[in-house]
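All remarks here apply to the structure that follows.
Remember, it's a predicted structure, so these values are computed and weren't measured experimentally.
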Amino acid sequence: MFNSITGIITLKSDKSLHLLNSGIEWDILVPESSLNMLPPAGEEAKVYTWLQHTEQLMNLYGFATDDERALFFDLLKVDGVGPKGALKIMSNVSSSRLSEILERGDLEMLEKIPGVGKKTAGKLLLALKGKVRLSEGAAPVRSQSFEYQDVIISLSSMGFDKNLVQAKIAELSERLEKEVGFAGKSRKEKEDLLFKKAIVELS
């Protein structure tokens, strides 16, 4: 089975991309975490793949890095998490952030991730705590908003549109990084400030 496909990205949507390779345009389901790592439409990209083939359907899943795909496989090992469920989880939290949450056994934070819930959070913790490892030098997520995934999750759970929230957090974080004193704040202080400013500007 093929390991990856390299080609020109012809389309990027919320949950998939089209990749043109040797006259064949592939329709690939991709988590948002990977979409943010991949270049824009019109540029060449290497996409790591996995083919789901059953009697009823055939879906091709793609990932920006081998780490992303490995995390996807780890999630599939969890009872009750299928390919679409794994994709949803990865679209709402970066692989590095999820690894961090699992490593410290933060059940409360797991439950807040859209697509998880209390029951699945317990299963994730039981199956994957201490087992998710990212290789050194893994490709970083392009969007700054993923650095503040907890803030995005909290705002989205309040009813704000997730895409608008991500755009606003990316904009605010870039703006605040230029202000004197912001870089010296603790992570929690940064998140609290972003949360308060985002609510005001999104309301």
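- Every residue two or more places apart in sequence or in another chain was checked for a side chain to side chain donor-acceptor pair (under 3.5 Å) with Lys15, and none qualifies.
- When the side chain to side chain donor-acceptor pair (under 3.5 Å) test is applied to Glu189, the partners found at least two apart in sequence or on another chain are Ser186.
- Annotation: side chain to side chain donor-acceptor pair (under 3.5 Å) contacts of Thr10 (sequence neighbours excluded): Glu25.
- For Asn21, there are no side chain to side chain donor-acceptor pair (under 3.5 Å) partners at least two apart in sequence or on another chain.
- Among residue pairs with one or both ends in residues 6-26, those qualifying as ring-ring contact (aromatic ring centres under 6.0 Å, His included) are Phe2-Trp26; sequence neighbours excluded.
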Side-chain polar contacts of residues 118-126 - donor-acceptor pairs under 3.5 angstrom, sequence neighbours left out - could you list them?
| from | atom 1 | to | atom 2 | distance (Å) |
| --- | --- | --- | --- | --- |
| Thr120 | OG1 | Val116 | O | 3.2 |
| Lys123 | NZ | Asp79 | OD2 | 3.3 |

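- Listed by first and then second residue, the ring-ring contact (aromatic ring centres under 6.0 Å, His included) pairs that reach into residues 177-203 come to none, sequence neighbours excluded.
- For Phe72, the ring pair (Phe, Tyr, Trp, His ring centres under 6.0 Å) partners are Trp50, Tyr61, Phe63, not counting sequence neighbours.
- Partners of Asp106 by salt bridge (charged side-chain N to carboxylate O under 4.0 Å, His left out), not counting sequence neighbours, listed by chain and number: Arg104.
- Here the side chains of Pro40 and Ile9 are not in contact, with every heavy-atom distance at 4.5 Å or above.
- Considering only residues two or more places apart in sequence or on other chains, Lys185 meets the salt bridge (charged side-chain N to carboxylate O under 4.0 Å, His left out) condition with none of them.
- Every residue two or more places apart in sequence or in another chain was checked for a side chain to side chain contact (heavy atoms under 4.5 Å, CB included) with Ser157, and none qualifies.
- Under the rule for a salt bridge (charged side-chain N to carboxylate O under 4.0 Å, His left out), the partners of Glu201 that lie at least two apart in sequence or sit in another chain are Lys168, Arg175.
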